[in-house]
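Basis for what follows: all heavy atoms, side chains included, without hydrogens, waters or symmetry-related copies. We count ligands from 1, going down the list as the structure has it; atoms in each ligand are counted the same way. Along the sequence shown, residues are numbered consecutively beginning with 1.
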Amino acid sequence: MVDMLHLLRSVVEEVNSSRDLHSSLKTVVSRIRAGMNVQVCSVFLWDAHVNRYVLMATDGLSQDAIGKVTLTQNQGLIGLVGKREEPLNLSDATTHPNYFLVPGLGEEPYKGMLVVPIIHHRKLLGAISIQKTEAGRFADQEEAFMVTLSAQLAGVIAHAEATGALSGLNLLGGEQKDVRFTGVAGAQGIAIGRAHVLFPPADLNSVRFRKIDDIDAELKLFDKALSQVRSELKSTIDRLRGELRPEELALFNVYVGILEDAALGQAVTERIHKGEWAQSALANVIRGYIEHFDSMEDVYLRERASDIRDLGRRVLSHLQESVAEVRIPDDAILVGEEISPTVFAELSSISIAGIVCTQGSANSHVAILARALDIPTIMGVQELPWQELQGEELVIDGYRGHLFYRLSQEKRRYFEQIGLEEEAREAGLESLRDEPGQTLDGMSISLMVNTGLQTDIIRSQGRGADGVGLYRTEVPFMLRDRFPSEEEQASIYRTQLEAFAPLPVTMRMLDVGGDKSLDYFPIVEDNPFLGWRGIRVMLDHPELFMVQIRGMLRASEGLNNLKVMLPMVTSVSEVEEALAIIHRAVMELNDEGHQIEVPKIGVMIEVPSAVYLVKEFASQVDFISVGSNDLTQYLLAVDRNNPRVADIYDALHPAVLKALKMIVDAGQEAQIEVSVCGELAGDPLGAVTLVGLGYRNLSMSSSNLLRIKSVLRQIDSHWAKSIASGLLHLDDPKVVRSTLRLALSRVGVPLADLGMAPSPGQH
Ligand code: PEP
Ligand code: MG
């Protein structure tokens with residue numbers, strides 16, 4: 001039996017490092033044929049443009065047939081496997097009723113056949129088959145291997161297909177227009193603009209080819225980067241000479257040796273001489289070295305691949321430093337793997353048309369900030385070949401989470417039209433600014449805003465908010481390279497408090513961990529959402545807690561509109577400890593001569609345990625506020641940041657609705673103020689449901705406030721109550737949403753008010 005694991009790993013690695021689909025598949029079939037000791041291995045992929053399976057690669061059958069032989073959905077064993085979505089292991093394929101002999105393909109001599117479907121995220125991509133001359137089923141182990149291989153290949157193939165789509169070609173080489181990539185809707189709206197790709201620094205895999213004219217200048221850059229790394233290494237060796245073991249020191253010397261070895265430098269300079277810029281020349285040569293070392297049998301030599309990678313990254317990072325920062329052009333669409341919320345700090349002076357991230361999901365913090373800034377955003381576009389997009393025109397449909405490329409004129413006009421209608425509607429809502437937040441029957445609903453960025457203040461004031469229901473203090477922390485001092489914090493907080501006084505501003509104690517990390521305070525954990533987060537971090541660092549609360553209290557002096565909120569609370573003891581610190585801070589400050597009033601203090605209900613502790617919390621604090629983003633994540637056990645499970649994350653899930661009902665009922669019984677500050681409050685369907693369940697305080701992104709006000713002013717609170725109690729008996733979030741939509745349209749609320757673009761037809 002062949003070493004399956006080794007074969008699997010080497011096939012997947014080779015495919016990963018190959019950049020085009022045809023050559024990847026060619027490698028796969030020949031490796032599998034040889035590795036599995038069979039006579040034929042072939043891959044068929046489904047081409048949705050022609051509605052047929054296309055023979056993409058074969059080793060053993062006629063090479064002339066590649067790209068020419070196609071099968072319909074119902075033809076042959078490939079069609080059968082595609083339909084059943086399970087493997088077919090046949091002793092003699094020629095006797096199977098679905099066997100379909102394609103003339104000229106050369107399949108006649110083979111009997112034993114195994115066909116395995118290739119499926120990625122529930123989508124059938126095609127099938128891979130192996131064939132042998134003699135009759136007889138393939139062994140269970142062989143079948144299991146092919147299934148494993150196919151599951152791993154699926155992701156690579158999906159990615160390669162997406163990259164192929166970018167070049168405008170379908171599998172058969174025909175022209176492809178209106179290429180669409182699907183992600184998760186992050187922030188609503190339509191955006192049309194040119195891509196500005198944010199490359200992660202020193203990443204050898206994301207560097208792309210660029211042509212240069214000034215070869216001498218490029219060679220100089222490369223030499224400079226090399227000598228910088230060389231001298232860095234030498235000074236490290238000098239510094240650590242006494243501390244490192246001899247074998248560790250030897251490693252650094254190996255590094256220097258590699259750099260001084262003419263071979264590496266020569267290979268790179270040769271490429272530069274041909275007109276390639278130093279970054280991709282270096283990355284390509286380094287990748288070649290890594291592959292070479294990786295494929296070695298000797299474990300010690302294989303390990304050297306990581307040394308080479310590390311060295312390559314060091315040189316690359318110097319090369320990247322010396323390229324002047326490219327300014328982000330106005331109206332660009334930012335594209336990247338993971339766009340850090342810190343990017344927003346630099347955005348205030350320029351206007352960004354849209355954002356596309358290949359990672360993250362609707363409730364990742366980047367998406368939340370983008371919503372606050374009204375920037376149409378798509379998250380989790382996993383298959384997007386983002387590195388290839390620099391400068392290309394893209395269209396974002398932030399309602400459905402679709403990204404379009406090479407859009408036809410007709411469709412482009414369609415999206416432009418939706419964008420204009422949306423602008424007009426937004427402008428129409430402005431007139432509601434000074435109207436009260438209330439239902440048709442006069443039930444008053446306080447509508448507050450969530451803030452974080454300084455720009456949120458102006459945006460919120462333009463929308464007539466009743467105060468701030470959640471000020472995410474981690475945002476200013478993220479925008480620095482160290483913890484802000486008490487003085488700095490006091491001044492940041494004062495701006496917020498002054499801007500809204502006498503309206504209340506609810507400041508949340510630092511909530512880091514999960515997907516909110518500070519570069520200067522990294523938290524590395526296997527399971528960060530269940531780890532060191534929010535109040536847990538702050539109680540473990542009372543000095544950070546103290547500085548922050550003192551900053552807040554000092555800022556509130558004379559204004560007295562501060563409310564303090566504790567995030568991620570799971571137990572009563574955490575509240576007690578936090579209260580002790582807050583009261584101590586008030587006392588200390590008053591002893592120092594300030595005149596500080598004890599602020600109203602509240603607890604966020606974000607984890608399942610807190611749902612059951614509302615009564616206990618109510619005896620300790622003044623208010624509770626539901627963080628529906630985290631509550632949904634923890635109740636449903638669905639990572640709010642993971643695009644793979646985005647379709648099962650829904651704050652209108654019946655289990656979440658039941659929890660929301662329990663919370664508001666317990667809050668009313670304990671006569672404590674209850675609000676919701678998660679994104680659910682800013683979703684028109686969510687807001688109606690919350691009002692129906694009994695919530696009277698909603699806090700949301702300022703960009704949603706007027707829309708929510710408009711919807712609530714069109715409904716009756718008793719009607720909302722009866723709708724919400726009906727929803728509690730449903731068992732599927734999709735049905736909850738459609739029921740709500742239907743009910744709202746029956747009472748005359750237009751679909752556009754619910755934040756839905758007009759029906760897209762074929763989009
Ligand atoms: C929430 O979890 O709903 C919330 C408001 O907090 P954040 O989104 O900042 O975690
Ligand atoms: Mg939260």
Practice task
Considering only non-hydrogen protein atoms, determine which one is nearest to atom 2 (O) of ligand 1 and report residue, atom name and distance to 0.1 Å.
Solution key: Glu606 OE2, 2.8 Å
Practice task
Just say parallel, tilted or perpendicular for the rings of Tyr634 and Phe529, cut-offs at 30° and 60°.
Solution key: perpendicular
Practice task
Report, rounded to 10°, the angle at the Mg ion (ligand 2) between the two atoms OD2 (Asp630) and OE2 (Glu606).
Solution key: 100°
Practice task
May I ask whether Lys516 places a heavy atom under 4.0 Å from ligand 1?
Solution key: yes
Handout entry: Geometric N/O contact Glu474 with ligand 1, under 3.5 angstrom
Key = no
Problem - Lys563/Glu673 ion pair, N-O < 4.0 Å - result: yes
Practice task
For atom 7 (P) of ligand 1, find the nearest protein heavy atom and state the residue, atom name and distance (0.1 Å precision).
Solution key: His365 NE2, 3.4 Å
Handout entry: Side chain, backbone, both or neither: the part of Asn363 lying under 4.0 Å from ligand 1 by heavy atom
Key = neither
Fill in the blank from the handout: Closest to atom 6 (O) of ligand 1 among protein heavy atoms sits Arg508 NH1, 2.9 Å
Practice task
Specify side chain, backbone, both or neither for Arg533, according to which of its non-hydrogen atoms lie closer than 4.0 Å to ligand 1.
Solution key: side chain
Problem - Pair Lys516 + Asp511: basic N to acidic O under 4.0 Å - result: yes
Fill in the blank from the handout: Numbered in order shown, the ligand 1 atoms found under 4.0 Å of a heavy atom of Arg640 are 2 (O), 7 (P), 8 (O), 10 (O)
Handout entry: Salt bridge flag under 4.0 Å for residues Glu574 and Arg533
Key = no
Problem - Cationic N near anionic O, under 4.0 Å, Arg508 to Glu474 - result: yes
Completion exercise
Honestly, for Ile368 the part within reach of ligand 1 (heavy atoms, under 4.0 Å) is side chain
Exercise for the section: Answer yes or no: is there an ion pair linking Asp639 with Arg644, defined by an N-O contact shorter than 4.0 Å? Expected result: no
Practice task
Just jot down the ligand 1 atoms closer than 4.0 angstrom to any heavy atom of Met604, in number order.
Solution key: 4 (C), 5 (C)
Exercise for the section: May I ask you to check whether Phe483 and His541 place their ring centers less than 6.0 Å from one another? Expected result: no
Fill in the blank from the handout: In ligand 1, the atoms that come under 4.0 Å of a heavy atom of Gly627 are 1 (C), 2 (O), 3 (O)
Exercise for the section: Tell me which part of Met700 gets within contact of ligand 1: side chain, backbone, both or neither, using heavy atoms under 4.0 Å. Expected result: neither
Exercise for the section: Identify whether the distance between the nearest side-chain nitrogen and carboxylate oxygen of Asp374 and Arg459 falls below 4.0 Å. Expected result: yes
Exercise for the section: State plainly whether the residues Asp665 and Lys615 are in salt-bridge range, i.e. N to O under 4.0 Å. Expected result: no
Fill in the blank from the handout: ligand 1 atoms nearer than 4.0 angstrom to some heavy atom of Leu470 are 5 (C)
Exercise for the section: Measure Gln633 to ligand 1 on non-hydrogen atoms and call it side chain, backbone, both or neither using the 4.0 Å cut-off. Expected result: neither
Handout entry: Pair Arg536 + Asp540: basic N to acidic O under 4.0 Å
Key = no
